[in-house]
Amino acid sequence: MTDPASPRARDLGVPLDGVTGRWNAITDVPGLEVGFETIVHDEPSVARTGVTAILPRGRSGLGVPCAAGVAVLNGNGELTGRSWIDEAGQFQTPLAITNSHAVGSVHRGIDRWLAAHDPGAAAQWMLPVVGETWDGYLNEINAEAVTPEHAMRALDSAASGPVAEGNVGGGTGMNCYGFKGGTGTASRIVGAGDRSWTVGVLLQANFGSRAELRVDGHRLGRGSAAACPIETTDWFAHETGEAAGATPGAGSVIVVVATDAPLLPDQCRALARRVPLGLARTGTTGSHFSGDIFLAFSTANAGALRSRMGTPAATTEQLEVLAWGAIDALYSAVVEATEEAVLNALVAARDIEGRNGHASFAIPHEEIRAAFDH
């Protein structure tokens with residue numbers, strides 16, 4: 001799914017903490033699968049967009065709940081299905097990330113896909129989880145380029161293994177720190193004694209101003225030679241009639257954290273609350289105009305946390321749960337993997353031109369190498 005010759009942040013000399021999984025991707029969590037549908041065309045509209053899909057337990061685990069929790073740094077965004085996650089501490093559908101105005105199409109696509117692949121569950125009710133970030137600088141966001149069929153194809157393509165990054169899926173038209181952004185992923189292995197668990201992160205990076213970017217403490221944004229037209233031109237004022245231009249740092253970031261560690265919903269929520277610490281390592285201060293929403297879930301305890309009509313009164317179930325006193329290593333893994341996933345998205349992204357000649361430029365790899373060439 002990714003070009004093995006394409007470098008990632010570590011390949012450019014960035015020193016990053018922690019032990020990664022085999023692919024350094026969210027797919028290191030056993031059973032989890034990721035798929036993409038990338039939409040790039042210039043007729044009948046200019047499309048630089050797409051869909052990223054995640055099957056938390058793969059095709060074989062459709063309808064099996066995952067303990068889950070959500071955290072929000074800034075609420076200028078959307079994540080469907082959140083009310084049920086808050087209520088029941090679980091979800092049992094695929095999840096997807098797309099552009100802000102395509103949430104409805106992707107939601108319908110997941111419904112249709114589930115009706116074809118898990119008709120028993122579809123005959124009851126479905127609450128797909130769909131997140132979004134805004135790609136309207138490059139993409140004709142109101143042209144409705146994303147259809148339910150695109151979401152279904154993203155789900156059909158879901159697989160384990162290496163994960164594509166940068167200009168792919170829902171990340172195709174996204175910008176991050178004034179550079180081209182998009183999809184990024186990373187993982188960490190957490191071990192104690194004879195047991196180990198994986199923490200994987202996948203995010204859609206569309207946040208941060210150019211001046212904020214820091215890579216392992218180096219202020220690479222401010223000194224970059226790459227052009228930053230999303231911040232330095234008057235495109236926003238011209239198109240909206242507003243007196244002011246676009247606010248630097250406006251955008252959004254959706255972060256998905258997955259683990260096979262056995263967690264309660266409140267522990268998943270605690271993991272999600274650590275995501276901003278990883279984002280902050282890359283410089284962001286969390287713009288008011290950014291929707292920063294984070295979902296964490298556990299694939300352990302398969303078969304537990306079900307919600308079924310007709311369950312007899314006084315029915316109980318037992319779960320294996322990681323002790324709260326042992327959870328700090330998972331917190332560290334979330335912070336480390338989130339930081340690296342942002343950097344991987346930036347490194348993987350490529351220059352792109354979209355609607356009305358709007359362009360977004362990738363961070364020059366030589367600038368990163370130079371910062372760490374000691």
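Everything numeric here is computed off the predicted structure, so don't read it as measured data. We use all heavy atoms of the structure for the numbers below, so side chains are in, but hydrogens, waters and symmetry mates are not.
Here the CD-CG distance, from Glu339 to Asn344, works out to 10.5 Å after rounding to the nearest 0.5 Å. Note: Glu149 CD to Thr147 OG1 = 4.5 Å, rounded to the nearest 0.5 Å. Expressed to the nearest 0.5 Å, how far CZ of Arg355 lies from CD of Glu140 amounts to 7.0 Å. Here the CG atom belonging to Leu220 is positioned 7.0 Å from the CD atom belonging to Glu367, to the nearest 0.5 angstrom. Note that CD1 of Ile293 is 7.0 Å distant from OG of Ser252, once rounded to the nearest 0.5 Å. Of the inter-residue distances, the one linking Ile368 atom CD1 with Leu12 atom CG reads 5.0 Å to the nearest 0.5 angstrom.
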Worked verdict on Leu295 versus Val255 for side-chain contact (heavy atoms from CB on, under 4.5 Å): CA-CA 6 Å; Leu295 168 68; Val255 183; over 6 Å; no

Stepwise salt bridge (charged side-chain N to carboxylate O under 4.0 Å, His left out) check, Glu231 with Arg210: CA-CA 8 Å; Glu231 293 185 7; Arg210 176 64 66 88; 5.9 Å; no

Salt bridge (charged side-chain N to carboxylate O under 4.0 Å, His left out) between Asp11 and Arg8, worked out: CA-CA 5 Å; Asp11 300 319; Arg8 304 179 80 188; over 6 Å; no

Check against salt bridge (charged side-chain N to carboxylate O under 4.0 Å, His left out), Arg59 and Asp118: CA-CA 9 Å; Arg59 284 170 179 75; Asp118 191 8; over 6 Å; no

side-chain contact (heavy atoms from CB on, under 4.5 Å) assessment of Trp84 paired with Ser307: CA-CA 11 Å; Trp84 176 244; Ser307 177; 3.8 Å; yes

Intermediate values then yes/no, side-chain contact (heavy atoms from CB on, under 4.5 Å), Phe294 and Leu279: CA-CA 11 Å; Phe294 322 121; Leu279 298 177; 3.8 Å; yes

Derivation of the side-chain contact (heavy atoms from CB on, under 4.5 Å) call for Glu317 and Leu305: CA-CA 8 Å; Glu317 59 185 18; Leu305 300 176; 3.9 Å; yes

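Val257 and Ile254 are not part of a single hydrophobic cluster, where members link through side-chain heavy atoms under 4.5 Å apart. Hydrophobic cluster membership differs between Val334 and Val163, with clusters built from Ile, Leu, Val, Met, Phe, Trp and Tyr side chains linked at under 4.5 angstrom. A single hydrophobic cluster is not seen to contain both Val342 and Trp134; linkage of ILVMFWY side chains at heavy-atom distances under 4.5 Å, directly or through other members, places them apart. Transitive grouping of hydrophobic side chains (ILVMFWY, heavy atoms separated by less than 4.5 Å) brings Val72 and Ile97 into a common cluster. Residue Val29 is not grouped with residue Leu55 when hydrophobic side chains (ILVMFWY) are merged at heavy-atom distances under 4.5 angstrom, including chains of intermediate members.
Under a 3.5 Å cut-off, the side chain of Thr232 and the backbone N or O of Cys228 do form a donor-acceptor pair. With hydrogens and angles ignored, the 3.5 Å screen pairs no side-chain donor or acceptor of Glu353 with any backbone N or O of Ser360. Using modelled atom types, no side-chain atom of Asp260 and backbone atom of Trp197 make a donor-acceptor pair closer than 3.5 Å. Side-chain N or O atoms of Thr240 include one that pairs as donor or acceptor with a backbone N or O of Phe236 at under 3.5 Å. In terms of modelled atom types and a separation under 3.5 Å, the side chain of His41 and the main chain of Glu43 share a donor-acceptor contact. Side chain of Gln92 to backbone of Cys66: no donor-acceptor contact under 3.5 angstrom is found. Side-chain atoms of Ser298 come within 3.5 Å of backbone N or O of Ala300 as a donor-acceptor pair. Judged by distance alone, with hydrogens and angles left aside, the side-chain atoms of Arg57 form a donor-acceptor pair with the main-chain N or O of Thr299 at under 3.5 Å. In this structure, Asn99 contributes its side chain and His101 its backbone to a donor-acceptor pair below 3.5 Å. With hydrogens and angles ignored, the 3.5 Å screen pairs a side-chain donor or acceptor of His117 with a backbone N or O of Trp113.
Scanning all heavy atoms of the two residues, the minimum distance from Val190 to Ala329 falls at CG1-CB, 3.4 Å. When all heavy atoms are compared, the tightest approach of Leu73 to Gly286 is CD2-CA, 4.3 Å. Taking each heavy atom of Gly173 and Asp135 in turn, the nearest pair found is O-CB, 3.4 Å.
Using modelled atom types and a 3.5 Å distance limit, the side chains of Ser100 and Glu132 yield a donor-acceptor pair. A donor-acceptor pair shorter than 3.5 Å cannot be found between the side chains of Tyr177 and Thr284. For the residue pair Glu340 / Asn24, a side-chain donor-acceptor distance below 3.5 Å is found, with atom types taken as modelled. Looking only at atom types and distance, the side chain of Ser160 has no donor-acceptor partner in the side chain of Glu33 under 3.5 Å away.
In this structure, Arg222 has no salt bridge (Lys or Arg N to Asp or Glu O under 4.0 Å) partners at least two apart in sequence or on a different chain.
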Per-pair distances, 0.1 Å, donor-acceptor, side chain in residues 179-187, under 3.5 Å, sequence neighbours excluded:
{"from": "Lys180", "atom 1": "NZ", "to": "Asn167", "atom 2": "OD1", "distance (Å)": "3.3"}
{"from": "Lys180", "atom 1": "NZ", "to": "Gly171", "atom 2": "O", "distance (Å)": "3.2"}
{"from": "Lys180", "atom 1": "NZ", "to": "Thr172", "atom 2": "O", "distance (Å)": "3.1"}
{"from": "Lys180", "atom 1": "NZ", "to": "Met174", "atom 2": "O", "distance (Å)": "2.8"}
{"from": "Thr183", "atom 1": "OG1", "to": "Val168", "atom 2": "O", "distance (Å)": "3.1"}
{"from": "Thr185", "atom 1": "OG1", "to": "Ile26", "atom 2": "N", "distance (Å)": "2.9"}
{"from": "Thr185", "atom 1": "OG1", "to": "Val201", "atom 2": "O", "distance (Å)": "2.6"}
{"from": "Ser187", "atom 1": "OG", "to": "Gly21", "atom 2": "N", "distance (Å)": "3.0"}
{"from": "Ser187", "atom 1": "OG", "to": "Ala25", "atom 2": "N", "distance (Å)": "3.4"}
{"from": "Ser187", "atom 1": "OG", "to": "Asp28", "atom 2": "OD2", "distance (Å)": "2.7"}

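Salt bridge Arg281/Glu212: absent, no basic N to carboxylate O contact under 4.0 Å. Between Arg274 and Asp328 no salt bridge is recorded (no basic side-chain N to carboxylate O distance below 4.0 Å).
Side-chain atoms of Leu343 and Leu16, non-hydrogen and from C-beta on, do get closer than 4.5 Å to each other. Contact of the Asn175 side chain with the Leu138 side chain is registered, since non-hydrogen atoms from C-beta on lie closer than 4.5 Å.
Each of Ile110, Val146, Val130 was checked for a side chain to side chain contact (heavy atoms under 4.5 Å, CB included) with Val51, and the lone residue meeting it is Val146. Results of the side chain to side chain contact (heavy atoms under 4.5 Å, CB included) test with Phe297 over Val70, Leu95, Thr259, Leu271 single out Leu95 as the only residue that passes.
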